[in-house]
There are 2 protein chains.
Amino acid sequence: MAEASGLSPALSSAEKNPLHLQCGECPIRHRAVCARCDNEELTALENLKYYRRFEAGQPVVWSGDRMDFVASVVTGIATLTQTMEDGRRQMVGLLLPSDFVGRPGRMIAGYDVTAATDLVMCCFRRKPFEEMMATTPHVAQRLLEMTLDELDAAREWMLLLGRKTAREKIASLLAIIARRDASLNLRRASGKLMVDLPLTREEMADYLGLTLETVSRQISALKRDGVILLEGKRQILVPDFDRLLEEAGDDCDGGIPG
Amino acid sequence: MAEASGLSPALSSAEKNPLHLQCGECPIRHRAVCARCDNEELTALENLKYYRRFEAGQPVVWSGDRMDFVASVVTGIATLTQTMEDGRRQMVGLLLPSDFVGRPGRMIAGYDVTAATDLVMCCFRRKPFEEMMATTPHVAQRLLEMTLDELDAAREWMLLLGRKTAREKIASLLAIIARRDASLNLRRASGKLMVDLPLTREEMADYLGLTLETVSRQISALKRDGVILLEGKRQILVPDFDRLLEEAGDDCDGGIPG
DNA sequence: TTCCACCGTTGATCTGCGTCAAGGAAGCTT
DNA sequence: AAGCTTCCTTGACGCAGATCAACGGTGGAA
């Protein structure tokens, strides 16, 4: 793993103690690997690393080589991207806090992992992780469930990539971000739903299989049509979430929790 | 689960005993769930079902409702597809022998499961499966590995859907089928690689996020350019596999095993 | 045999999105 | 302040692939 060398992280006090952001003592949220906070094997393996959002041409944190570890996002956002020789790029994973990357059992990464924001990850070396999996069955089960969730998300994503129009893709992404955002900390402004976009237009384009120009145009169009309101460039207001879902072409039932 | 009722399967002798197709005694291949053929819990739960390839408008074997089971393909091919209200369809999974569907822990299917060919599946009810998972750690681990493999495949697929041209998509699909085909039983005719397409043009289109017309045109183009030869409509000869990979835009190293 | 359903091919035309290009706004460093 | 970089927006144009349409081949049923 590439060392996050020379970083002198200027973080808020909450971010300084990511251990306590999640479930009090355990570096990994309940939703993540650890199902019991008092799991000593897990906390003993704890190994936090900082990564800065990359400036200029976003180089990767890890490229497509050895990946003999498992890592869980504590704070920040990481992206998984695949790149073709000629530079075409497709995002294939978006890791929010409590999501994980890595392959117990296999060793080669098939994608780049990049810090989309400043990022704190909790890393486990492969060997001890595997031993722990073998001796602690509930960890393997939890991991299986999370992986199946990821797979379901990937399949939704495939429908988006293969069959949705640009406008539907944008609306879908906004709905996804809004929903995940809301599941953590719901924020409403004057009865409307407030969402901020953690991604640049280019990153959205890579997520959606579009160009950044098309992303920009469609966001403008949604704004023009009153589906969303822009508050600056990276923050949107959603006056009517159901309308947004409609634009997304989602049969996916379910609004915002809370 | 929908019963495959009223089927009087007219199958070859090999297909009549799918138990013995895979690893002699166990209905599930080594690659699949069962890591030890003598696992009595597994074989005791064994529950084989036949499904016919659906004629006319392909209805689904299971639609997006309860899915309180886990099932593994023994012989044949199953597809997972998602459909939007207006009928747009995207394939999100292609299950060959030893692949599985199902959600230990969760209950709702997010996609249709369809028999693309006549199909034999080995089904486990959720409850006993979960109990077994809890008591037999190597099953959970094996399942996790398989799920991670699926996830990797899904991510390759996302690159294909989001960024590849129609020609590259077709070449990629042919390469994928050839590779999976070869990993089971390699067949070569006069030094060339012989692959038969288990999917209709429409199913390929759903796989690739294209229309069936475009699929047909691009296959014709690849044939015209000598990348492939057609032997009938559902069987192709690949004179040069590396050439095919090149057309696919794959940096994905690795030719045909064997 | 005829009829019909399904599957595949090919042509003509249309259009959504990519491509190329120019420029504006915000945040830096010097 | 000026000047840089990064991020975003908007316009003009072209093309890959969708859409609409016609037709051929094959296999099963009557």
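Note that the structure is predicted; figures quoted are calculated from it, not measured. Letters go in sequence order (proteins before strands), and every chain restarts at 1.
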Tell whether A/E202 reaches the base of D/dC7 with its side chain through a donor-acceptor pair below 3.5 angstrom.
-> no
| said: Just to be sure I understand the rule, does B/G209 reach a base, reach only the sugar-phosphate, or reach nothing, if contact means heavy atoms closer than 4.0 Å? | reply: sugar-phosphate
Rounded to whole Å, CD of B/Q218 lies from P of D/dA16 at a distance of 10 Å
Taking for A/K233 and for A/A166 the nucleotide of DNA chain C with the nearest heavy atom, the one nearer the 5' end belongs to A/A166
Distance below 4.0 Å between A/T211 side-chain N/O and C/dT19 OP1 or OP2 | no
When rounded to the nearest 0.5 Å, the distance separating CG of B/L80 from OH of B/Y111 is 5.5 Å
To the nearest angstrom, the CD-P distance between B/E168 and D/dA16 comes to 12 Å
| task | Answer yes when A/E202 and A/R89 have at least one side-chain N-carboxylate O distance shorter than 4.0 Å, and no when they do not. | result | yes
Notebook entry, point to check: So does B/R88 pair up with A/E168, basic N to acidic O under 4.0 Å?
Noted result: yes
| said: Under 4.0 Å, counting only non-hydrogen atoms across every strand here, what does B/R167 touch: a base, just sugar-phosphate, or nothing? | reply: nothing
Discussion item. Using the rule given for side-chain contact (heavy atoms from CB on, under 4.5 Å), can you reason through A/V101 versus A/L95, listing the C-alpha separation, both sets of side-chain angles and the distance that settles it, and then say yes or no?
Written reply: CA-CA 8 Å; A/V101 234; A/L95 305 184; 3.5 Å; yes
Would you check, one step at a time, whether the test side-chain contact (heavy atoms from CB on, under 4.5 Å) holds for B/T200 with B/R234?
CA-CA 8 Å; B/T200 67; B/R234 305 288 284 269; 4.1 Å; yes
One would report the end-axis bend of the helix from C/dT1-D/dA30 to C/dT30-D/dA1, five pairs per end and rounded to 10 degrees, as 30°
- Task: Using only heavy-atom distances, decide whether a donor-acceptor pair under 3.5 angstrom links the side-chain of B/E213 to the base of D/dC20.
- Result: yes
Separation of C/dT9 atom C1' from B/R201 atom CZ, nearest Å, is 9 Å
Between CE of A/M204 and P of D/dT6 the distance, given in whole Å, is 18 Å
| message | Base, sugar-phosphate or nothing for A/R163? Non-hydrogen atoms, less than 4.0 Å. | response | nothing
Does B/S220 place a side-chain N or O at less than 4.0 Å from the phosphate oxygens OP1/OP2 of C/dT10?
-> yes
**Report entry** Salt bridge flag under 4.0 Å for residues B/R155 and A/E150
**Finding:** yes
In whole angstroms, the gap separating C1' of D/dC7 from CG of A/D206 amounts to 14 Å
Does this structure show an ion pair linking B/R163 with A/D206, if we count only N-O contacts that are shorter than 4.0 Å? yes
From CD of B/E203 across to C1' of C/dG8 the rounded distance in Å is 13 Å
- Task: Output yes when B/R243 and B/D225 qualify as a salt bridge under the 4.0 Å nitrogen-oxygen rule, no when they do not.
- Result: no
B/L212 atom CG is separated from D/dA21 atom P, nearest whole Å, by 15 Å
Can you check whether any acceptor in the base of D/dT19 is under 3.5 Å from a donor in the side chain of B/R217, or vice versa?
-> yes
B/E231 atom CD is separated from C/dG8 atom P, nearest whole Å, by 17 Å
| query | Can you check whether A/T214 has a side-chain N or O nearer than 4.0 Å to OP1 or OP2 of C/dG18? | reply | yes
